[in-house]
Q: 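Below is one structure. I have some questions about it.
Just so it is clear: chains get the letters A, B, ... in the order the sequence lines come, proteins before strands, and each one is counted from 1. All values reported here derive from a predicted model rather than from experimental measurement.
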Amino acid sequence: MTTAADRILAAVREIPHGQVASYGEIATRAGLPRRARLVARVLSHNDDAALPWHRVVRADGCIALERDSAAFNEQCGRLRAEGLTVDNGRVRRQRREPDLDQQVWGPAD
DNA sequence: ACGGTGACAAGCG
DNA sequence: ACGCTTGCCACCG
């Protein structure tokens, strides 16, 4: 039988290299909306070394682990190794184009 | 059963 | 962008 934990782990494994997902997103993708805290719990108990747990961050981009803890540093390192920018414990979000208006509305002639 | 806790999230000032 | 508050839900003593 597939347990909730199984589906959560599967969802985590589907996060592409070089990308991150929030606990809430993973919960939803696992068919468990509003179970972000369950995702956190599952990860904290996970033993699978192959699981890309480092790609899971909080909705605001912050790393959820305690600052300067071994796990925290491990996560930072792995994310940077995948090409992401981690600044002050937070993964930089995709910066929106400053001229987004132009892209959407066309040049302001 | 009940209250505290936690690798969370969204709304509001 | 930050800090607070509230909602959330599984676990544990």
Side-chain angles (χ1 to χ4, degrees):
Chain A
M1 77 177 261
T2 74
T3 67
D6 291 333
R7 298 207 303 279
I8 287 172
L9 293 174
V12 171
R13 281 188 264 265
E14 283 173 27
I15 306 173
H17 180 286
Q19 290 191 205
V20 293
S22 74
Y23 292 85
E25 282 176 292
I26 294 305
T28 298
R29 290 175 194 170
L32 301 163
R34 285 177 292 289
R35 298 292 184 286
R37 303 191 88 140
L38 177 57
V39 174
R41 202 183 135 65
V42 168
L43 288 191
S44 69
H45 290 299
N46 169 66
D47 53 343
D48 182 2
L51 188 77
W53 56 270
H54 56 284
R55 295 180 191 146
V56 185
V57 299
R58 290 201 314 218
D60 60 5
C62 277
I63 285 176
L65 298 163
E66 185 186 357
R67 298 284 294 223
D68 301 326
S69 66
F72 174 92
N73 292 322
E74 174 72 15
Q75 185 164 15
C76 283
R78 289 198 189 189
L79 290 175
R80 293 201 177 104
E82 296 194 0
L84 291 170
T85 303
V86 182
D87 165 47
N88 202 350
R90 159 182 263 178
V91 179
R92 281 208 178 156
R93 301 159 164 286
Q94 284 287 349
R95 62 175 74 260
R96 35 183 212 282
E97 292 297 316
D99 52 346
L100 177 59
D101 280 0
Q102 272 193 38
Q103 291 192 29
V104 177
W105 296 101
D109 76 322

Q: Considering only nitrogen or oxygen atoms on both sides, find all protein atoms under 3.5 Å from nucleotides 4-12 of chain B and state each distance.
A:
| residue | atom | partner | partner atom | Å |
| --- | --- | --- | --- | --- |
| B/dG6 | N9 | A/Arg37 | NH2 | 3.1 |
| B/dG6 | N7 | A/Arg37 | NH2 | 3.3 |
| B/dG6 | N3 | A/Arg37 | NE | 3.4 |
| B/dA7 | N3 | A/Tyr23 | OH | 2.7 |
| B/dC8 | N3 | A/Arg37 | NH1 | 3.1 |
| B/dC8 | N4 | A/Arg37 | NH1 | 2.5 |
| B/dA9 | OP1 | A/Tyr23 | N | 3.2 |
| B/dA9 | OP1 | A/Gly24 | N | 2.9 |
| B/dA9 | OP2 | A/Ala59 | N | 2.7 |

Q: Could you pull out all donor-acceptor pairs under 3.5 Å where a side-chain atom in residues 61-72 of chain A meets a protein atom, sequence neighbours excluded?
A:
| residue | atom | partner | partner atom | Å |
| --- | --- | --- | --- | --- |
| A/Arg67 | NH1 | A/Asn88 | O | 3.0 |
| A/Arg67 | NH1 | A/Asn88 | OD1 | 3.2 |
| A/Arg67 | NH2 | A/Asn88 | OD1 | 2.7 |
| A/Ser69 | OG | A/Glu66 | O | 2.8 |
| A/Ser69 | OG | A/Phe72 | N | 3.1 |

Q: Quick one: side chain to side chain donor-acceptor pair (under 3.5 Å) pairs with a partner in residues 55-65 of chain A, sequence neighbours left out?
A: A/Arg55-A/Glu82
Q: Output a table of donor-acceptor pairs, distance under 3.5 Å, between side-chain atoms of residues 29-39 of chain A and any protein atom two or more places apart or on a different chain; print 'none' if there are none.
A:
| residue | atom | partner | partner atom | Å |
| --- | --- | --- | --- | --- |
| A/Arg29 | NH2 | A/Glu25 | OE2 | 3.4 |
| A/Arg35 | NH1 | A/Pro33 | O | 2.9 |

Q: If we take the P atom in both C/dG13 and B/dA7, what is their distance in whole Å?
A: 15 Å
Q: My understanding is that only residues two or more places apart in sequence, or in another chain, count here; which of them pass side chain to side chain donor-acceptor pair (under 3.5 Å) with A/Asp6?
A: A/Thr3
Q: In this structure, how many angstroms lie between the P atom of C/dC8 and the CZ atom of A/Arg35, rounded?
A: 10 Å
Q: Under 4.0 Å, counting only non-hydrogen atoms across every strand here, what does A/Arg90 touch: a base, just sugar-phosphate, or nothing?
A: sugar-phosphate
Q: Show me the pairs that pass salt bridge (charged side-chain N to carboxylate O under 4.0 Å, His left out) and involve residues 8-21 of chain A, at least two apart or across chains.
A: A/Arg13-A/Asp48
